[in-house]
Amino acid sequence: RGRGRSPGLFRGPTDTRVRGMHDRYERERTTASRDHVAMLDRLISTLGDRHLSPGLVVDADLNVKLVIGDCSPYLRFETGSPTYRAEKLVIRELATPLATGVQKALRDGKEVSYTGVRVPELDSADIVDLEFTPLGGRKTDEPLVVGFFVERATSEPSAAPTVDYDASE
């Protein structure tokens, strides 16, 4: 009774044939998963700048999981320990609408958009639309939201754009 493995402790398959099949399956699954992630990274890096607006994939705790395209106009890094918290990374004017949009998209399970967010710091446009979409998946998958920063062209300076959300107030 005192020899061998302890009762109640599972140490994987004991039959060497089953253990070999299990190990091979795990290696193939891990390799396929890595290949899949690498392919998606290549796709996003290739098409992100040309076909997608800059954006972030964040989880329910607002931790950044993925950056899409050039988000440098919308993000700032401060001195000290780095953080992946989205509301601390984005510029001040976008922190509240970003946090609100992500939480609302997760809660309602549908797309949320804020149009006309005024951001005076931007060089190319001072109005940004924010679009948030929950990423589908299995029930066991981590809930994620993708948020895009869509700049509005300000071709006519005399025409006042419609503003639904003004962060300067």
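Considering CG of Leu66 and CG of Asp59, their distance stands at 12.5 Å, rounded to 0.5 Å. If you take CZ on Phe132 and OG1 on Thr100, they are separated by 8.5 Å, rounding to the nearest 0.5 Å. In this structure, CD on Glu131 lies 6.0 Å from CD on Glu111, to the nearest 0.5 angstrom. Taking OH of Tyr114 as the start and CG of Leu94 as the end, the distance is 12.5 Å to the nearest 0.5 Å.
Listed by chain and residue number, nothing satisfies the side-chain hydrogen bond (donor to acceptor under 3.5 Å, both in side chains) test with Glu142 (two or more places apart in sequence, or in another chain).
Across all their heavy atoms, Pro97 and Val117 have their closest contact at CG-CG1, 4.4 Å. Ser53 and Ile68 make their closest contact through O-CG2, 4.1 Å (heavy atoms, listed as atom of the first residue, atom of the second, distance). Leu62 approaches Ala99 most closely through the heavy-atom pair CD1-CB, 3.8 Å. Of all heavy-atom pairs between Lys65 and Leu144, the closest is CG-CD2, 4.0 Å.
Within the 4.5 Å cutoff, the side chain of Tyr74 has no heavy atoms near those of the Leu56 side chain. A heavy-atom distance below 4.5 Å is not found between the side chains of Pro54 and Glu151. Residues Leu130 and Phe149 form a side-chain contact, since some pair of their non-hydrogen atoms from C-beta on lies under 4.5 Å apart.
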Name the atoms and distances for all side-chain donor-acceptor pairs under 3.5 Å in residues 77-88, with sequence neighbours left out.
from	atom 1	to	atom 2	distance (Å)
Glu78	OE2	Arg76	NE	3.2
Thr83	OG1	Arg85	N	3.1
Arg85	NE	Glu87	OE2	3.2
Arg85	NH1	Asp61	O	2.3
Arg85	NH2	Glu87	OE2	2.6

Less than 3.5 Å apart, which donor and acceptor atoms pair up between the side chains of residues 101-110 and the rest of the protein, not counting sequence neighbours?
from	atom 1	to	atom 2	distance (Å)
Gln103	NE2	Ala60	O	2.9

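Under the side-chain contact (heavy atoms from CB on, under 4.5 Å) rule, Val64 has a single partner from Leu89, Val57, Val90, which is Leu89.
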